[in-house]
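Both backbone and side-chain heavy atoms feed into the values below; hydrogens, waters and symmetry mates do not. Order of appearance sets the numbers: ligands from 1, and atoms from 1 within every ligand.
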Amino acid sequence: MEFFFTVPPAITFGPGCSKKVGEVVTQLGYKNVFVVYDAGVKAAGIVDPIIDALKAANLNIVEYDKVLPNPPIECVEEGATLARNAGSEIVVAIGGGSAMDTAKCVNVLLSNPSPLSLYEGVNNVKNRTNPFIAIPTTAGTGSEVTTMAIITDEANKRKFAVHGQHVGAAIALADPELTLGLPPFITATTGVDALTHAIEAYISKMNMVPTDVMALKAIELIIKNLPEATKNGQNLEARSNMLLGSLMAGIAFTNAMVTLAHSIAHPLGARCNTAHGLANACVLPYVVEFNAPAVPQRIRDIGVAMGLPVQDLSDGDVAKAVVEALIALNKELGIPSLEGAKVPKDILPTIAEDAMKEVPTFFNPRECTVEDVLAILNKAY
Ligand SMILES: NC(=O)c1ccc[n+]([C@@H]2O[C@H](COP(=O)([O-])OP(=O)(O)OC[C@H]3O[C@@H](n4cnc5c(N)ncnc54)[C@H](O)[C@@H]3O)[C@@H](O)[C@H]2O)c1
Ligand SMILES: [Fe+2]
C-alpha cells in the first residue's frame, strides 16, 4: 500500500465559532487583515458580525467585496493589488467556494509575484504564504479544507486549478449557523456538489483508505440531511450535518481527486457560467451509470452508504438503484436538467471535448472517449 495524504487545516467546528476569528488572528500575531467576500454573503447579513468580531480585537481591516461566481483571474489580481497596497498580512475569506478560492489566490499573491497564471497546476507556488483563514457559508465545495483553488480564465473560456503546498487554509472556522439562511436552491446545488466530491473521491483511481472513510461517511451525512436542509433551512442539526459532510468530502477529494463529473462541470462553468453545484448535479447520475461497470464493489458500497437496500441485488441492479436514487434526489431538490439550467444544446460537443482535457478525467475509473462524454451530456440534457 502506498499513498500521499495531506492532513487538513486546524478545523474549529460548531455554531457561533466564526466569532472567534478576532481571537484567532490575534493569537497568530497579525494586525492587518484582508477580508474577502461577495455581495450575496454581505446581503445575507453574515459579514458584519464577523467584521465586528475582528474590530473587537483591535485589528486593522481592509475589505474586498467584489468576488464573482466562478471567480475570474481579474478578481484575484484586483484583490491582490488592494491587499498589497494596504500592507495586509493575513487573509480571511467569508463565503462559498468563490470567495474562498479568490482569497486563497490573493493570499498566494501576497508572497509570490503576479500574474496568477504562473502558479497553475500542482506545487508551483514557491514562496511560503501566511496562514489563511477560511469561513465557509455554503455546505458544498469543502474549499475550507482543500489545497486547491479553482479560478476562471475568461479569455480562454476555461477553469484552472492552483493546487498544492501553500494554497490551502491554515485554519477553518466551520460555523453551521452561517448556512441557516442559504436559499433552498443554492443549498440543494451546493449540497449535491459535496455529494459529488464524496462519490467521485470514492470511485477515483486515487482512492485510499483514509479518503474512503471520509467519503462514505460524507455520503451518508449528505443523503440523510440534504432534503431537510433544503426544505427547512433553519434546522441547525441538518445544517450542521451538511457542513460536516461537505468538509469530510473535501478532505476526501483534496487527496483522492475527483473524476468525470467535475471534468464536465468545469467547462460548463467556464463557457456557460453554470453554477458549479448545478453543473455537477445534472451530470452526476449519468457519470455514475457510466463508471459502474468498472467499479461494481465501490458502487455497492455507495449504495449502502446511501441507505439503499442493495444487499441481494446483482451488480447491474445495484448500479441501477444508485443511479435512480440520484435522479430522484435531484427531482426532490428541484434541480433541473442541463436544458432547464439554460445550457444551449449546441455547446454540448464543445463541452465534451473540453472535458477530455480536464485533469479529473485522468482519475476517472473507466477510460472514456469524447463520444462517451457526449452521451452522458445528452442523457443529462
Ligand atoms: N477549491 C475547491 O476545493 C473547490 C471545490 C469545489 C468547487 N470549487 C469552486 O467553488 C465555486 C463555487 O462555490 P459555491 O458552490 O460555494 O458557490 P458560491 O461561492 O459561488 O456562492 C453561490 C451564491 O451563494 C451565495 N451565498 C453563499 N453563502 C450564502 C449564505 N450563507 N447565505 C446566503 N447566500 C449565500 C453567494 O453570495 C453566491 O451568490 C466554483 O468556482 C467552483 O469551481 C472549489
Ligand atoms: Fe466541486
Notebook entry, point to check: Does one side chain, of Y119 or N112, offer a donor that lies under 3.5 Å from an acceptor on the other?
Noted result: no
Next item on the list: Examine A99 against ligand 1 and note whether any of their N/O atoms are separated by less than 3.5 Å.
Entry: no
Next item on the list: May I ask you to decide if A229's main-chain N or O and T187's side chain share a donor-acceptor pair within less than 3.5 Å?
Entry: no
Item checked: For D38, the ligand 1 atoms whose distance to one of its heavy atoms is below 4.0 Å -> 36 (C), 37 (O), 38 (C)
Check: Side chain or backbone of T146 under 4.0 Å from ligand 1, or both, or neither, by non-hydrogen atoms?
Finding: side chain
Notebook entry, point to check: Any non-hydrogen atom of P183 lying under 4.0 Å from ligand 1?
Noted result: yes
Item checked: Residue portion contacting ligand 1 (non-hydrogen atoms closer than 4.0 Å) for T190 -> side chain
Check: Given that the side chain starts at C-beta and the backbone is N, CA, C, O, which of these parts of H276 lies under 4.0 Å from ligand 1, counting heavy atoms, or is it both or neither?
Finding: side chain
Check: Applying a 4.0 Å heavy-atom criterion (strictly less than), which segment of A44 is in contact with ligand 1: side chain, backbone, both, or neither?
Finding: side chain
Next item on the list: May I ask you to check whether D193 has an N/O atom sitting below 3.5 Å from an N/O atom of ligand 1?
Entry: no
Check: Can a protein heavy atom be found under 4.0 Å away from atom 21 (O) of ligand 1?
Finding: no
Note to self: Among L338, V192, L268, which residue satisfies the side chain to side chain contact (heavy atoms under 4.5 Å, CB included) criterion with C282?
What the structure shows: L338
Margin query: Can you name the atoms of ligand 1, numbered from 1 with element, that are less than 4.0 Å from a heavy atom of P71?
Written below: 41 (O)
Next item on the list: For ligand 1, note which part of F253 has a heavy atom under 4.0 Å away: side chain, backbone, both or neither.
Entry: side chain
Next item on the list: Over all heavy atoms of both residues, which pair between A355 and P267 is shortest? Give the atoms and the distance, please.
Entry: N-CG, 4.2 Å
Notebook entry, point to check: Backbone, side chain, both or neither: what part of I186 comes under 4.0 angstrom of ligand 1, heavy atoms only?
Noted result: side chain
Next item on the list: May I ask you to identify, for H266, whether its side chain, its backbone, both or neither come under 4.0 Å of ligand 1 on a heavy-atom basis?
Entry: neither
Margin query: Can you tell me which portion of T152 lies within the under-4.0 Å heavy-atom range of ligand 1? Options are side chain, backbone, both, or neither.
Written below: neither
Next item on the list: Select one of side chain, backbone, both or neither to describe which atoms of H197 lie under 4.0 Å from any atom of ligand 1, heavy atoms only.
Entry: side chain
Item checked: ligand 1 contacted by G277 (non-hydrogen, < 4.0 Å) -> no
Next item on the list: Below 4.0 angstrom from a heavy atom of I46, which ligand 1 atoms are there? Numbered from 1 as shown, please.
Entry: 30 (C), 31 (N), 32 (N)
Notebook entry, point to check: Side chain, backbone, both or neither: which part of T141 has a heavy atom under 4.0 Å from ligand 1?
Noted result: both
Notebook entry, point to check: Thinking salt bridges, do E289 and R366 make one under a 4.0 Å N-O criterion?
Noted result: no
Checklist line | Opening angle at the Fe ion (ligand 2) [NE2, H262; OD1, D193; to 10 degrees] | finding: 100°
Notebook entry, point to check: Taking it one step at a time, do M242 and T179 satisfy side-chain contact (heavy atoms from CB on, under 4.5 Å)?
Noted result: CA-CA 9 Å; M242 278 307 300; T179 66; over 6 Å; no
Notebook entry, point to check: Just which atoms of ligand 1 are under 4.0 Å from any heavy atom in G96?
Noted result: 16 (O), 19 (O)
Margin query: Below the 3.5 angstrom mark, is there an N/O of H262, backbone or side chain, next to an N/O of ligand 1?
Written below: no
Margin query: Checking the N or O distance criterion of under 3.5 Å, is ligand 1 in contact with M148?
Written below: yes
Notebook entry, point to check: Taking both backbone and side-chain atoms of G97, is any N or O found less than 3.5 Å from an N or O belonging to ligand 1?
Noted result: yes
Notebook entry, point to check: If you measure from atom 41 (O) of ligand 1 to every heavy atom of E177, E144, K159, which option wins on shortest distance?
Noted result: K159
Next item on the list: Mind listing the closest non-hydrogen atom pair of Q234 and L180 along with its distance?
Entry: NE2-O, 3.5 Å
